[in-house]
Amino acid sequence: MDSCKYILDCKDITKQYGGILALKDVQLRLKKGQVHALVGENGAGKSTLMNIIGGLVQPNSGTLFFEGIPYQAKSPVEAIHAGIAMIHQELNPQPYLSIAESIFLNREETYKKIPILNKKATNEKAADVLKKFDINLSPKIHMEDLTLAQIQMIEIVKAVSTNARLILMDEPTSSLDSEETERLFRTIRDLQSKGVTIVYISHRMDEIFAVCDSYSVFRDGRFIGSGSISDVTKDELISLMVGRVVKNIFPKIDCSIKDVVFRTEKLCGKGFKDISFEVRAGEILGITGLVGSGRSETMEAIFGLNPLSSGKIYLNDKEIKIRNVRDAMNKGIAMINEDRKEYGLCLFRSITENISLPSLKKKHKGILINQKKEREACGKIASKLRIKMANLKTDAFSLSGGNQQKVVVAKWLMDRPDLIILDEPTRGVDVGAKAEIHSLMCQFAAEGMAIIMVSSELPEVMGMSDRILIYHEGSLNGEVTRAEILSGEVNQETILRKEFGER
Ligand SMILES: Nc1ncnc2c1ncn2[C@@H]1O[C@H](COP(=O)(O)OP(=O)(O)OP(=O)(O)O)[C@@H](O)[C@H]1O
Ligand SMILES: [Mg+2]
């Protein structure tokens, strides 16, 4: 009975989706109180295994033991009853539920004698839980009114408040900034001290080395190995994941920076004020700041998703007005949004259709789309970004999270805009493909595109930007250059301090 040694023991798990073998005979063994990293490239099968343990998906074969007893949850509710909670990679909040209803879904307070929802008690309980996590939100707010980061925090609170003995965290920090991530880490350490076991999935190596004590690696649906974090280096772990050496994580190519392409003058709107900056052809302008500091809000207003209350925008020296997204696109501005499902991806269209959607108009000189050309171009970019898929006709929804993100990036880069705004472009993308996206960005910059990259991942912004603007509470609080970073004059801490408001 060596299964008793492990709180969770998954043996020979296989899962097939149509023609795709998502998992083949994988194992995952966890000891009580471990924070165990599950790592692997996009499409390696990590979420699939989490979904099996969490009761959302049934395996084709294999056995699971939880606390020494055979375990197979048929639904998420069954998993929660067994003591297993999950934070999902793809956030799918029910928009009309309040925060309280969302946290206690299927566990609501009812009146003693009649099984009717006791709203007041549920709200009070939720307020307690939120307070415990230092989250300053009313439990009555609807989920649809929250930002992605807030939704993610609520998901975390929800999972932790079930008092589960095993918590599966599938990319819990993909929408969080450094402060919220640190808060999650404190929660994880606290849970660990109480004997709770955690599976932690992330593509951010820094996080894995900060919070995990052991790891398992999957590659292409297979188990590659496991061990103790203190026995590996980041590079070794990356090589295990990708099966080859990734030489340069941030392959920044310096290219000549030319004329100003885009300029703003004192932009004001909801969440930001007096934002003036410029971007030049060939330049990658990094933008960072805590979530809610106004960076994404400014970019959304520039792209016509939200109104500006005042300020001016110039593209190629001409003042332009952007009333909506179509306006922005017609004028040569493209944007990859934080929330790929809202604006980026048509989940039920094929990969080819998704990639070529924005550039169709340009190719449409005649009435017929040149399908062969379109397929060729898509195939090229898909293989460059190593999009893992059955074929280009597959619907986007069947792709793993990171592969969906790659499709969105491919789609906009193919459009060749004058200015592209990338908001968290490599969110959930594995290290190998991240390097590919970064090198594509450099390539397009070299061809004269102006690029704005918003990212919470400091190593990424610092590695890729020619210049970085730092936001604090709706305003710009400083600018640093690549030269200052390369000389060591500016480091991660300098930037973080500015994010927190130091001058
Ligand atoms: N519902 C589904 N239908 C068809 N194929 C699927 C489905 N869900 C996952 N797959 C496929 O199974 C494989 C494993 O996907 P999975 O989501 O487990 O990867 P992952 O390791 O979580 O990747 P990522 O890091 O991108 O989140 C992928 O090739 C994916 O396309
Ligand atoms: Mg996944």
Side-chain angles (χ1 to χ4, degrees), residues 10 13-28 36-60 62 76 86-92 152 155 168-175 199-205 207-208 215-224 237-238 240-243 246 340-341 344-345 347-351 354 382-383 385-410 424-437 457:
C10 308
I13 308 288
T14 293
K15 174 70 197 178
Q16 192 147 2
Y17 286 110
I20 285 196
L21 200 52
L23 294 172
K24 171 76 179 151
D25 295 334
V26 298
Q27 67 171 65
L28 182 70
H36 192 88
L38 179 56
V39 297
E41 288 186 286
N42 296 135
K46 305 177 297 294
S47 296
T48 303
L49 183 60
M50 293 306 105
N51 287 337
I52 289 172
I53 302 169
L56 280 125
V57 165
Q58 303 305 313
N60 294 94
M86 178 161 173
I87 299 170
H88 295 272
Q89 175 178 18
E90 298 300 322
L91 300 168
N92 285 317
Q152 196 149 38
E155 274 284 306
L168 313 171
M169 302 188 172
D170 196 351
E171 300 196 32
T173 59
S174 61
S175 301
V199 179
Y200 191 86
I201 298 180
S202 175
H203 291 291
R204 300 178 177 173
M205 290 293 132
E207 291 184 1
I208 286 169
Y215 69 88
S216 292
V217 182
F218 285 6
R219 193 196 307 151
D220 276 334
R222 281 157 219 261
F223 172 80
I224 299 296
L237 198 57
I238 291 173
L240 281 175
M241 277 164 60
V242 297
V246 177
R340 60 178 162 261
K341 267 182 296 196
L345 204 66
L347 286 176
F348 295 97
R349 292 280 197 111
S350 74
I351 296 166
N354 264 293
S383 76
L385 292 178
R386 306 162 78 93
I387 296 178
K388 194 182 168 201
M389 58 192 172
N391 58 55
L392 282 164
K393 289 188 204 134
T394 317
D395 278 357
F397 93 96
S398 69
L399 295 176
S400 77
N403 281 305
Q404 290 183 4
Q405 183 69 18
K406 293 185 207 171
V407 170
V408 178
V409 173
E424 307 283 359
T426 59
R427 198 184 121 196
V429 171
D430 65 52
V431 275
K434 242 184 204 170
E436 295 296 338
I437 290 179
E457 217 182 321

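We count ligands from 1, going down the list as the structure has it; atoms in each ligand are counted the same way.
For Q152 (side chain) and S175 (main-chain N/O), a donor-acceptor pair under 3.5 Å exists by modelled atom type. Between the K46 side chain and the F218 main chain, no donor and acceptor come within less than 3.5 Å of each other.
The two residues I351 and N391 come nearest to each other via the heavy atoms CD1-O, 3.8 Å. Closest of all the heavy-atom pairs between P172 and I201 is CD-O, 3.5 Å.
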**OP:** Please report the C-alpha distance between Y215 and I208 in whole Å, then the side-chain angles of each, then the deciding distance to 0.1 Å, and finally whether the side-chain contact (heavy atoms from CB on, under 4.5 Å) criterion is met.
**Re:** CA-CA 9 Å; Y215 69 88; I208 286 169; 5.8 Å; no

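Applying the salt bridge (Lys or Arg N to Asp or Glu O under 4.0 Å) rule to E155 yields no partners; only residues at least two apart in sequence or on another chain are considered. Scored by the side-chain hydrogen bond (donor to acceptor under 3.5 Å, both in side chains) test, T14 finds D25 as partners (sequence neighbours excluded).
Taken to the nearest 0.5 Å, the NE2 atom of H203 stands 11.0 Å off from the CZ atom of R427.
Counting only protein atoms, the N, O or S atoms lying less than 2.8 Å from the Mg ion (ligand 2) are S47 OG, Q89 OE1, ordered by chain and residue number.
Results of the side-chain contact (heavy atoms from CB on, under 4.5 Å) test with N42 over V431, N403, L399 single out N403 as the only residue that passes.
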Measure and list all N/O to N/O distances between ligand 1 and the protein that fall under 3.5 angstrom.
residue, atom, partner, partner atom, Å
ligand 1, 5 (N), S398, O, 3.4
ligand 1, 10 (N), S398, O, 3.3
ligand 1, 18 (O), S47, N, 3.4
ligand 1, 18 (O), T48, N, 2.9
ligand 1, 18 (O), T48, OG1, 2.5
ligand 1, 19 (O), G45, N, 3.4
ligand 1, 21 (O), A44, N, 3.2
ligand 1, 21 (O), G45, N, 2.9
ligand 1, 21 (O), K46, N, 2.9
ligand 1, 21 (O), K46, NZ, 2.8
ligand 1, 22 (O), S47, N, 2.9
ligand 1, 22 (O), S47, OG, 2.8
ligand 1, 23 (O), G43, N, 2.8
ligand 1, 23 (O), S400, OG, 3.3
ligand 1, 25 (O), N42, ND2, 3.1
ligand 1, 25 (O), K46, NZ, 2.8
ligand 1, 25 (O), H203, NE2, 2.8
ligand 1, 26 (O), N42, ND2, 2.9
ligand 1, 26 (O), S400, OG, 2.7
ligand 1, 26 (O), G402, N, 2.8
ligand 1, 27 (O), Q89, OE1, 3.1
ligand 1, 27 (O), Q89, NE2, 2.8
ligand 1, 31 (O), S398, O, 2.8

